[in-house]
Amino acid sequence: MSYSVVPVAEVHLEGLHHALDVVARERRYLAFTQAPALETSLAFYRNIIAGDLCQFVALEGRTVVGWCDILPTHGEARSHVGHLGIGLIPTARHKGLGARLLEATIAKAHTKGLTRIELAVRTDNTNAKALYMRFGFLVEAVQQRSVRIDGEYHDVYAMALLL
Ligand SMILES: CC(C)(COP(=O)(O)OP(=O)(O)OC[C@H]1O[C@@H](n2cnc3c(N)ncnc32)[C@H](O)[C@@H]1OP(=O)(O)O)[C@@H](O)C(=O)NCCC(=O)NCCS
């Protein structure tokens, strides 16, 4: 089955919610430990589509296996800043899809006039951090005990890319 990376569309939304749920339930990569309720997710994604915001999905055939988004932060003074999130279900990792998703999403963010992309990644998420570094993201800070899952704290890198 071949892989593709395309802008998010209505037809992807249930699959996108499922992919988010799969990654969230791994309990080690995302702030979520499960996806929000389907209706909540659908409203969130439809807002992205309606606003032509930066979100791409990775597909295996027609099945959504991952996503990347760079979404606006609040406030006029922060209108040049986007926050990046990315995830692939386990079987879709290590195939270059993370890089393809980042490339597409960052390119769109650039055309939208964003000049700073921020993200947060756990310090033990070496795969994701290496990918971000390859794209030019720099570590700006270590946020101690930023995440707590099952009673265990984890530190997080605050990273940013200037466009
Ligand atoms: C972070 C994440 C999106 C990275 O995606 P990815 O596709 O695995 O990343 P890459 O595209 O960089 O590929 C990673 C590895 O696959 C290798 N690779 C790249 N293209 C490849 C290809 N066509 N065939 C085989 N391997 C390939 C890369 O060389 C790299 O190898 P390395 O880890 O030994 O250096 C993915 O691991 C993921 O979803 N993780 C869980 C969620 C998560 O961490 N989200 C981020 C939270 S901040």
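Whatever order the structure lists them in is the order used to number ligands and atoms, beginning at 1. Values below: every heavy atom of this structure, side chains too, minus hydrogens, waters and symmetry copies. Sequential numbering from 1 along the given sequence is applied to the chain's residues.
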Taking [Y]'s backbone N and O only, do any of them form a donor-acceptor pair with [X]'s side chain (distance below 3.5 Å, no angle check)?
{"X": "His17", "Y": "Pro36", "value": "yes"}
{"X": "Asp155", "Y": "Thr123", "value": "no"}
{"X": "Thr105", "Y": "Ile70", "value": "no"}

I want to check something: taking the side chain as every heavy atom from C-beta on, are Pro72 and Leu53 in contact at a cut-off of under 4.5 Å? yes
For the residue pair Lys95 and Tyr3, would you count it as a cation-pi contact if the rule is NZ or CZ under 6.0 angstrom from the ring centre and within 45 degrees of the ring axis? no
For ligand 1, give me the residues whose heavy-atom distance to it is below 4.0 Å, by chain and number please. Val23, Tyr29, Ile86, Gly87, Leu88, Arg93, His94, Lys95, Gly96, Leu97, Gly98, Ala99, Ala120, Val121, Asn125, Asn127, Ala128, Leu131, Tyr132, Arg134
For the NE2 atom on His18, are there more than 12 heavy atoms of other groups (residues, nucleotides or ligands in this structure) within a distance under 6.0 Å? no
